[in-house]
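Below is one structure; the comments refer to it alone.
Here is how names work: the chains are called A, B, and so on, in the same order as the sequence lines, proteins then strands, and each is numbered from 1.
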Amino acid sequence: MRILQLHSNFIVYKPVRKEIDSAEDSERVERRFEDIVVLFTCVEEGDDERVAVKAVDEVREHLERLKVNRILIYPYAHLSSNLAGPSEALRVMRRMEEYAREAGLEVYRAPFGWCKEFSISVKGHPLAEQLRIIVPEEGREEVVSEALKAEEKIKSHWFILSPGGELTPIDRFNFAGYGKLEKFARYEMSKVRAAKQMPAHVTLMKRLEIADHEPASDLGNFKWYPKGRLIKALIEEFVSQKVIEYGAMEVETPIMYDFGHPSLSDYLHRFPARQYLLKSDDRSLFLRFSACFGQFLLIHNSQLSYKHLPIRVYELTKYSFRKEKSGELAGLRRLRAFTMPDCHALCADMEQAKEEFLRRFKLSISVLEGLGLTKDDYELAIRFTRDFYEENRDFIHSLVDVFGKPALIEMWDERFFYFVLKWEFNFVDSIDKASALSTDQIDIENAKRYGITYVGSDGERRYPLILHCSPSGAIERDIYALLEKAYMDMGRGKPPMLPLWLSPVQVRVIPVSERFYEYAENLVEKIEGYNVRVDWDDRQLTLQKKVREAEMEWIPYIIVVGEREVESDILTVRDRSLGRPGEPGRLRRMRLEELIEELRVKVNGKPFKPLPLPKKLSRRPRFYS
RNA sequence: GCCUCGGUGGCCUAGUCGGUUAGGGCACCACCUUGGUAAGGUGGGAGUCGCGGGUUCGAAUCCCGCCCGGGGCUCCA
């Protein structure tokens, strides 16, 4: 709570109009008070009744010295950028009023929620003007990082940068042919949103038995069914593989850290995120929101020479935790606990950093490509300070050239964050919401903060530049993007499906009747031998029903076996990828070897894991109907 | 956090200006059906109507608080 306390000759105010719906009732009449201490009061987030009491106690001490007994509590929002909600604020102020009255003061209060005009005459003695800041008793305080506060005040300039280096102010860019970029730019700049519907992927993640909310946990903490766990594990493995191929050393670091650690507490205030806090004995711990601390602390103790640079350190954080505001959570798009691949690179100087940055840019494109997301599916945003752009124009242009599509540019006049350059790939979903997948940054602060140095060729210690990259973004968010993409495909008349290598069941065998069960089971065994996730439907259902259910599970290949197959040894394969709504004729006749070869080509060396479910459908439970 | 809409067997839902045993579909179980590419038939079991409190002779239904989900807001004393 903040109170501007003014000992006044008089104050005159008049409510003009209601500013918010929950404003108190009041008449629009002028009120005047003389020889009074005016308390311009602002209730901040986290303030409670105890703060109200504490504030009044503090004020009373001064009233005694001023020899005044009359106060006016005047709601005044403009003292803080971290306001409490209106109902909370009103409650706290009413408590102040009540408590002050109980304490024998003559109390007046201006109405809450009104735009008011006022004139004031302040006395000229030394104690007449004071600012009071009252913080809640410990144990309840919320830690809001400086970066989070700074982000609210930051001033941005927006442009579109096209391949070839043309920089156009956003309002002069012609978005014809760049619908998604336009949606993304709008989303970023004005936060205009329209949707009033359940996001497609939330329905799909349940129906396909991928993941669901777990009410017994905190908000935004999910449970993963076998199929979902499989998909997630495959992506985790794929991304890790790619990052290690690129040259990173995989490590593992703790998920919780001491709040009081000097490097950490400083860093916390430079990162715009809210933390989960936990008390353990007499320590205050927080759950990590990225792998940064773990890796920096690990590197801090290493002996680094310029000959080692650039070095790359990688961790797949399972989990990273961010205590997002409850209203910001949305399905797999925004969680409080998520799996984040986090890869840092230490570079000797800006030249090396830029070279490395570009490599990682290309790595990220190729990682998303592997997941089944092409450049058509996402938009590039690049953010930097004006100075950095002036000095590195060609380099930034080269990123857009590699990307091959115009990019959204955010330019800042000064540096608020710990980085000078950052890019992300942003996915725009079925309800026009945008969210970042891959990202990388050039960090010029943290080496110093964590005492990370390397020895140069001249024997001098220097601070390296640190690059922070997540080549895929959160794994959960990748799955969100894949589901949303599948849903949007459906709208364009394409069958919704996951990439073959991520499909929990890749092939389903359906025998026409019990007479072919043995044949079917043998076939399944053969196919399985080629590292294919295959199952078979041995339930007492009609053939049509079994085909329908297989289609609803988005299974890419459905093989029906009966008399014909047994005799000819040629399979009848229903190929989902050839499907069009209302259009039959997706059946293909092929030999087993041809099918296996086609599968092999399509999965193209991606990670494989066996089916984590019973192969007989009659043995398989449903987790979500 | 605030505003708003919602929460009814495992899932989707009807019922909601108070009034019989809360109705249907999917799924599950049993039986019949043994089939050729998106729902075969009959029967059965399964419900703390999100949780807690209140009003009432009587509450899924009205009131209050809380929890969970979706959407919106970041305005403002």
Side-chain angles (χ1 to χ4, degrees), chain A residues 2 15 18-24 26 40-46 73-94 109-116 142 144 151-152 191-199 202-203 206-207 209 212-220 274 323-331 431 433 495 508 510-517 537 539-553 555 558-565 572-576 579 581-582 584-588 618 621-625:
Chain A
R2 285 162 184 250
K18 281 193 180 181
E19 199 78 81
I20 54 172
D21 289 344
S22 54
E24 291 177 284
S26 173
F40 287 105
T41 304
C42 158
V43 182
E44 296 181 289
E45 209 172 322
I73 300 171
Y74 192 110
Y76 198 66
H78 317 288
L79 297 171
S80 172
S81 58
N82 182 33
L83 298 172
S87 64
E88 183 72 10
L90 181 54
R91 204 168 53 90
V92 172
M93 283 194 205
R94 284 190 167 139
R109 189 165 60 78
F112 183 92
W114 286 75
C115 170
K116 301 177 282 284
E142 193 197 5
V144 177
E151 203 176 19
E152 291 169 8
K191 315 277 182 195
V192 169
R193 269 145 280 181
K196 256 252 175 314
Q197 43 184 310
M198 195 91 144
V202 173
T203 316
K206 297 181 189 181
R207 227 204 62 215
E209 298 193 314
D212 204 350
H213 305 101
E214 176 48 72
S217 178
D218 187 30
L219 314 181
R274 291 160 205 274
K323 202 152 171 255
E324 307 288 7
K325 293 195 240 173
S326 60
E328 289 179 330
L329 300 168
I431 50 177
K433 293 203 176 205
R508 170 153 306 159
I510 302 179
V512 162
S513 76
E514 273 178 39
R515 281 166 51 215
F516 306 101
Y517 275 21
D537 198 336
R539 293 173 303 171
Q540 301 294 330
L541 299 170
T542 58
L543 174 63
Q544 290 161 64
K545 179 95 176 217
K546 291 180 184 177
V547 170
R548 175 180 146 85
E549 290 199 6
E551 291 285 7
M552 292 203 310
E553 278 183 60
I555 295 172
I558 301 166
I559 306 176
V560 173
V561 293
E563 197 67 45
R564 286 180 227 151
E565 288 70 28
T572 312
V573 179
R574 186 166 163 137
D575 183 339
R576 181 177 181 81
R586 310 180 275 178
L587 301 186
R588 299 166 60 195
S618 66
R622 295 204 176 217
F623 293 94
Y624 187 91
S625 312

- Task: Provide the Watson-Crick or G-U wobble partner of B:U61, both distances under 3.5 Å; none if there is no partner.
- Result: none
- Task: Please state the C1' separation for the pair B:G45 and B:G9 - nearest whole angstrom.
- Result: 11 Å
- Is any side-chain heavy atom of A:Arg508 closer than 4.5 Å to a side-chain heavy atom of A:Glu553? yes
- Message: Checking contacts here: which listed nucleotide (B:G36, B:G1, B:U34) is nearest the side-chain heavy atoms of A:Val512?
- Response: B:G36
- Quote, to the nearest angstrom, the C1' distance that separates B:C29 from B:G10. 14 Å
- Query: For B:A38, does either OP1 or OP2 sit under 4.0 Å from a side-chain N or O belonging to A:Arg586?
  - Reply: no
- Item | pair A:Glu563-A:Phe516: side-chain heavy atoms closer than 4.5 Å | yes
- Could you state the atom-to-atom distance from NZ of A:Lys433 to P of B:G70 in whole Å? 10 Å
- Task: Quickly work out the A:Leu541 CG to B:G36 C1' distance and round it to whole Å.
- Result: 16 Å
- Query: Expressed in whole Å, how much space separates the C1' atoms belonging to B:U21 and B:U55?
  - Reply: 26 Å
- Item | C1' spacing across the pair B:U56 / B:G72, given as an integer number of angstrom | 37 Å
- Message: Taking the P atom in each of B:C63 and B:G6, what is the distance between them to the nearest angstrom?
- Response: 12 Å
- Taking a pair to mean Watson-Crick or G-U wobble geometry with both distances below 3.5 Å, B:C66 pairs with B:G50
- Note on the structure: By the Watson-Crick or G-U definition, both distances under 3.5 Å, B:C2 is matched with B:G72
- Contact class for A:Val43 vs. all strands (heavy atom < 4.0 Å): base, sugar-phosphate, or nothing? base
- Message: Nearest heavy atom decides the nucleotide; on that basis, is A:Pro111 or A:Glu549 closer to the 5' end of RNA chain B?
- Response: A:Glu549
- Task: Please tell me if the side chains of A:Val43 and A:Met93 come closer than 4.5 Å, counting only heavy atoms from C-beta onward.
- Result: yes
- Taking C-beta and beyond as the side chain, do A:Cys42 and A:Phe40 meet within less than 4.5 Å on heavy atoms? no
- Item | Nearest to side-chain heavy atoms of A:Ala330, which nucleotide of B:G71, B:U74, B:U37 | B:G71
- Item | Whole-Å distance separating the CZ atom of A:Arg515 from the C1' atom of B:U33 | 15 Å
- Message: Under 4.0 Å, heavy atoms only, any strand: does A:Glu565 hit a base, just the sugar-phosphate, or nothing?
- Response: base
- Item | Inter-nucleotide P distance (B:U48, B:A60), Å rounded | 13 Å
- At under 4.0 Å between heavy atoms, what does A:Thr572 touch on the DNA or RNA strands: base, sugar-phosphate, or nothing? base
- Report yes if a donor N or O on one partner sits less than 3.5 Å from an acceptor N or O on the other, where the partners are the side chain of A:Arg622 and the base of B:A27; otherwise report no. no
- Message: Rounded to whole Å, please give me the gap between CZ in A:Phe623 and C1' in B:G10.
- Response: 12 Å
- Message: With a cut-off of less than 4.0 Å, is there a side-chain N or O of A:Thr542 near OP1 or OP2 of B:G40?
- Response: yes
- Note on the structure: Closest to the 5' end of RNA chain B, once A:Val560 and A:Arg539 are matched to their nearest nucleotides, is A:Arg539
- Item | B:U37 base / A:Gln544 side chain donor-acceptor hit below 3.5 Å | no
- Item | A:Lys545 side chain near B:U34 phosphate (N/O to OP1/OP2, under 4.0 Å) | no
- Query: When you compare B:C76 with B:C5, how far apart are their P atoms, in angstrom units rounded to a whole number?
  - Reply: 24 Å
- Task: For the residue pair A:Ile558 and A:Arg576, establish whether any side-chain heavy-atom pair is separated by less than 4.5 Å.
- Result: no
- Message: What is the separation between atom CD on A:Glu209 and atom P on B:G10, rounded to the nearest whole Å?
- Response: 16 Å
- So, does A:Lys546 use its side chain to make a donor-acceptor pair with the main chain of A:Arg539 at under 3.5 Å? yes
- Query: Can you tell me if A:Glu324 uses its side chain to pair, donor with acceptor, with the backbone of A:Leu329 under 3.5 Å?
  - Reply: no
- Query: Within this structure, what is the CD-to-P distance between A:Glu514 and B:U33, rounded to whole angstrom?
  - Reply: 12 Å
- Sub-3.5 Å donor-acceptor pair from the side chain of A:Arg207 to the main-chain atoms of A:Met552, do we have one? yes
- Shortest side-chain distance from A:Tyr624, nucleotide among B:G36, B:C11, B:G71: B:C11
- When rounded to whole Å, the CG to P distance for the pair A:Leu587 and B:U37 reads 8 Å
- Note on the structure: Which of B:U37, B:G69, B:U34 is nearest the side chain of A:Leu219? It is B:G69
- NA contact type, A:Ile558, heavy-atom cut-off 4.0 Å: base, sugar-phosphate, or nothing? nothing
- Message: I need the CE-C1' distance between A:Met552 and B:C11, as an integer number of Å.
- Response: 12 Å
- If the C1' atom of B:A27 is compared with that of B:U13, how far apart are they to the nearest Å? 14 Å
- Task: Under a 3.5 Å limit for both distances, which nucleotide forms a Watson-Crick or G-U wobble pair with B:G43, could you say?
- Result: B:C29
